[in-house]
There are 2 protein chains.
Amino acid sequence: MPGGPPWWHGKLRGWGYRMTIPRQVILDLLNRSSKHLSAEDIYLAVHRTYPGIGLTTVYRTLDLLEQMRLINKFDFGDGRSRYELSQGPQWRHHHHLVCTKCGRIIDYTDFVTEEVKLLDKIEEALTKKYNFKINTHQLHFYGLCEKCR
Amino acid sequence: MPGGPPWWHGKLRGWGYRMTIPRQVILDLLNRSSKHLSAEDIYLAVHRTYPGIGLTTVYRTLDLLEQMRLINKFDFGDGRSRYELSQGPQWRHHHHLVCTKCGRIIDYTDFVTEEVKLLDKIEEALTKKYNFKINTHQLHFYGLCEKCR
DNA sequence: AATGATATTGATAACCATTTCCATTTATAT
DNA sequence: ATATAAATGGAAATGGTTATCAATATCATT
Ligand SMILES: [Mn+2]
Ligand SMILES: [Mn+2]
Ligand SMILES: [Zn+2]
Ligand SMILES: [Zn+2]
């Protein structure tokens, strides 16, 4: 691993948190994954190399990273929360297609420019009208994927 | 209650289901409410007049109505599912503002025309590109409401 | 490099929304 | 009215997530 500490190293310190092995390992996994991982997914993946890391710590770390807004937390309706890195080198703003039959999730970036333009406009108007400070948004399309339709 | 059976009466029969008292009562409550009710909310409200209706039946009925697409099921992130009628006399297409502090949910209809126009266009393109049959969508803005910001 | 304050961890148990089970009741076609 | 399958409700089970707490690891200070 060349090139000094990863990009998120300073973020944790900046928020006054310590840089621990579980946090590094979990962040590294999320950084290398392009999937939408559940807490258990992460626990199992991490467990192969670091059997000492407990599920509780996974949950705690995910909560922490979500509060720092380093990751996004989703509920796609399958009974468990799922997480993805919200920023980083290869990150792009995107939304989701969710198959209600098999649970497959497709990231799409088509039209995001147009979407984000409209959403920004809406955000601004809603902020004024309802005096509501908007931090994030989620747009999900639900339906049947190629295999399931 | 003048005017014959309510508008949803035929729907259940049309799907081959029986019209039972719990189903009538739950649908009537959802029809009269403008809130986003949890299963427990519904159970408690219904329980005052019909103490015999059990929580299990509430869950079962909500599942049924969701499958029939008479209601929408949401997860706003507070650990329980919430439901609203998806059609009916006073229904209008709308999206949601969710306060991450107090859980307040605001329905808004501003810009829905523009939104829906763009979303329809996106839906069409995504359907083609990913061979994905889209049934519904959800757009949530998360932030802090007037009181909490 | 050793120290000490305290942030963090991991195992276990608790929590709680939702499901499963199954005997009983109810709706409806005949 | 009767028969039959659908629907119900209470109790117990399930499963993802959170609370508890003693043990451990981090890191500013020495
Ligand atoms: Mn994604
Ligand atoms: Mn609504
Ligand atoms: Zn599918
Ligand atoms: Zn609020």
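The sequence lines fix the lettering, A, B, ..., with proteins before strands; numbering per chain opens at 1.
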Below the 4.0 Å mark, does C:dT18 have OP1 or OP2 next to a side-chain nitrogen or oxygen of B:Tyr59? yes
Okay, side chain of A:Thr61, backbone of A:Thr57: is any donor-acceptor separation there less than 3.5 Å? yes
Residues from residues 66-87 of chain A sitting under 4.0 Å of DNA chain D, heavy atoms only? A:Gly79, A:Arg80, A:Ser81
Contact state string [nucleotides 7-13 of chain D, B base, S sugar-phosphate only, - no protein heavy atom under 4.0 Å]: SBBBB--
Round to a whole Å and report the spacing from CH2 of B:Trp15 to C1' of D:dA6. 17 Å
Which of A:His95, A:Arg92, A:His36 passes side chain to side chain donor-acceptor pair (under 3.5 Å) with A:Asp107? It is A:His36
Quick note, salt bridge (Lys or Arg N to Asp or Glu O under 4.0 Å) partners involving residues 52-75 of chain B, not counting sequence neighbours, are none
Value rounded to 0.5 Å, distance of CD1 in B:Ile122 from CD in A:Glu115: 3.5 Å
Filtered N/O pairs between nucleotides 22-24 of chain D and protein, under 3.5 Å:
none

Which heavy atom of A:Leu55 sits nearest a heavy atom of A:Ala39, and at what distance? CD1-O, 4.1 Å
To the nearest 0.5 Å, tell me how far B:His137 NE2 sits from B:Leu119 CG. 5.0 Å
Keeping A:Ser38 on the side-chain end and A:Arg82 on the backbone end, is there a donor-acceptor pair under 3.5 Å? no
Take atom CG of B:Asp41 and atom P of C:dT18, then tell me their distance rounded to the nearest Å. 11 Å
Could you tell me how far apart B:Asp63 (CG) and C:dA17 (C1') are, to the nearest whole angstrom? 13 Å
Heavy-atom neighbours of A:Gln87 CD exceed 12 at 6.0 Å: yes
If you fit an axis to the five pairs at each end of the helix from C:dA1-D:dT30 to C:dT30-D:dA1, how big is the angle between those two axes, to 10 degrees? 40°
Please check if the side chain of B:Thr127 supplies one atom and the backbone of B:Lys133 the other of a donor-acceptor pair under 3.5 Å. no
Ring pair (Phe, Tyr, Trp, His ring centres under 6.0 Å) contacts in which one or both residues fall within residues 101-134 of chain A, not counting sequence neighbours: none
When you compare the side chain of B:Tyr83 with that of B:Leu65, does any pair of heavy atoms fall below 4.5 Å? no
With a 4.5 Å cut-off on side-chain heavy atoms, are B:Leu37 and B:Ile26 touching? no
Taking every non-hydrogen atom, the tightest pair across A:Ile71 and A:Leu85: CG2-CD1, 3.8 Å
Separation of B:Leu12 atom CG from C:dA27 atom P, in whole Å? 14 Å
